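If you're wondering where the values come from, they're calculated on a predicted model, not measured in any experiment. The residues of the chain are indexed from 1 along the displayed sequence.
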Amino acid sequence: MRHLASLAAIALLLIPAGCNTTQKSRAACESDVERLKQSIRDTGGYLEDLRPRLKAGFLAYDDCGRVTGECHAEAWLAEMEALRQEHIYRRADFNRAIDLWRPDACVPYAQGYRLNPPEPSTYNGYFYSYEETGQQIDELISKFNRLVN
């Protein structure tokens, strides 16, 4: 009976320890926060640079529709396909940074603003922006592809 009581006491000590296996080290949490911050900066810059490229693509497509307009559909198609690959890569990088940041695993370090992670409102809008610009890229690829074929 004494052994059973000892095992029960050990089990009670191990159960809470098992619940904390999802905790990350301070260094891992700091790394995740820095990765997230860098990804947010990179995403903002990328999306800002992307807007004029997409606008130029739509204007080029309009030029291709005019009889007197000069059309370089093959070149634009190749550029838009390369842009799609870059877009997929950057979106995956952004998603990875978001997925790696798990606030629940870093609670002890986030309390008291010692870790200073960005608020979700800082980056949630980028999900929509990635979706919207991805659709625009796909639309341009489809349009230039019809001109080429």
Side-chain angles (χ1 to χ4, degrees), residues 1-62 72-149:
M1 211 46 159
R2 283 181 68 199
H3 295 298
L4 194 54
S6 297
L7 287 175
I10 291 172
L12 287 174
L13 291 173
L14 291 177
I15 288 173
C19 293
N20 290 330
T21 57
T22 59
Q23 283 297 106
K24 290 185 173 186
S25 69
R26 180 177 177 89
C29 290
E30 287 174 348
S31 175
D32 290 349
V33 167
E34 286 309 311
R35 181 185 301 107
L36 179 58
K37 288 178 179 179
Q38 185 61 47
S39 182
I40 291 168
R41 284 189 295 272
D42 292 348
T43 295
Y46 165 71
L47 291 172
E48 195 65 34
D49 293 343
L50 183 60
R51 286 183 182 91
R53 293 170 73 185
L54 290 173
K55 184 177 180 181
F58 281 108
L59 290 173
Y61 177 76
D62 288 344
H72 301 286
E74 295 89 1
W76 277 103
L77 178 59
E79 183 175 338
M80 290 298 116
E81 287 174 341
L83 189 58
R84 180 184 350 180
Q85 291 306 312
E86 179 183 5
H87 195 71
I88 290 168
Y89 168 78
R90 288 185 175 264
R91 185 174 185 166
D93 187 55
F94 176 72
N95 288 343
R96 187 171 33 259
I98 300 296
D99 290 343
L100 287 174
W101 167 239
R102 293 189 1 248
D104 57 319
C106 298
V107 169
Y109 313 115
Q111 291 173 340
Y113 303 102
R114 290 181 287 168
L115 196 55
N116 199 21
E119 291 291 324
S121 60
T122 306
Y123 54 82
N124 280 338
Y126 286 141
F127 289 110
Y128 173 76
S129 296
Y130 269 117
E131 186 66 30
E132 182 181 84
T133 53
Q135 289 172 356
Q136 291 172 348
I137 293 168
D138 289 342
E139 179 183 350
L140 284 168
I141 288 172
S142 177
K143 288 180 175 193
F144 284 118
N145 200 20
R146 281 195 303 269
L147 290 174
V148 169
N149 296 322

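- Separating the CZ atom in Phe58 from the CZ atom in Arg53 is a distance of 14.0 Å, to the nearest 0.5 Å.
- What you find for Ser39 and Ala97 is that their closest heavy atoms are CB-CB, 3.6 Å.
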Side chain to side chain contact (heavy atoms under 4.5 Å, CB included) between Leu83 and Ile141: does it pass, once the steps are laid out? CA-CA 10 Å; Leu83 189 58; Ile141 288 172; over 6 Å; no
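- For the pair Pro118 and Ile40, the tightest heavy-atom approach, listed with the atom from each and the gap, is CG-CD1, 3.8 Å.
- Side chains of Phe127 and Ile98 form a contact here, defined as non-hydrogen atoms less than 4.5 Å apart.
- Applying the ring pair (Phe, Tyr, Trp, His ring centres under 6.0 Å) rule to Tyr130 yields the partners His87, Phe94; only residues at least two apart in sequence or on another chain are considered.
- Closest non-hydrogen pair, Trp76 versus Gly57, comes out as CZ3-CA, 3.6 Å.
- In this structure, Lys37 NZ and Tyr123 OH are separated by 12.0 Å, a value rounded to the nearest 0.5 Å.
- Atom CD of residue Glu74 and atom CG of residue Leu147 lie 9.0 Å apart, to the nearest 0.5 angstrom.
- Here the closest non-hydrogen pair linking Arg90 and Tyr46 is CD-CD1, 3.1 Å.
- Rounding to the nearest 0.5 Å gives a distance of 8.5 Å between OG of Ser31 and NZ of Lys24.
- Going from atom CG of Leu36 over to atom CZ of Arg41 covers 9.5 Å, rounded to the nearest 0.5 Å.
- Scanning both residues, Trp101 and Cys29, for their nearest heavy atoms gives CZ3-O, 4.3 Å.
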Evaluate the side chain to side chain contact (heavy atoms under 4.5 Å, CB included) criterion for residues Glu132 and Gln136: first the C-alpha distance (whole Å), next the side-chain angles of each, then the deciding distance (0.1 Å), finally the verdict. CA-CA 6 Å; Glu132 182 181 84; Gln136 291 172 348; 4.1 Å; yes
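- Atom CZ of Arg26 sits about 10.0 Å away from atom SG of Cys106, to the nearest 0.5 Å.
- A pairwise comparison of heavy atoms in Asp49 and Pro52 identifies O-CD, 3.3 Å as the closest pair.
- Side-chain N/O atoms of Asn149 and Asn145 include a donor and acceptor closer than 3.5 Å.
- Paired with Ile137 under the rule side-chain contact (heavy atoms from CB on, under 4.5 Å), one option of Arg84, Glu81, Gln85 passes, and it is Arg84.
- In the model, Gln38 has no side-chain atom that pairs as donor or acceptor with a side-chain atom of Arg35 under 3.5 Å.
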Could you give me the CA-CA distance, side-chain angles and deciding distance for Arg96 and Asp93, then say whether salt bridge (Lys or Arg N to Asp or Glu O under 4.0 Å) is met? CA-CA 5 Å; Arg96 187 171 33 259; Asp93 187 55; 3.4 Å; yes
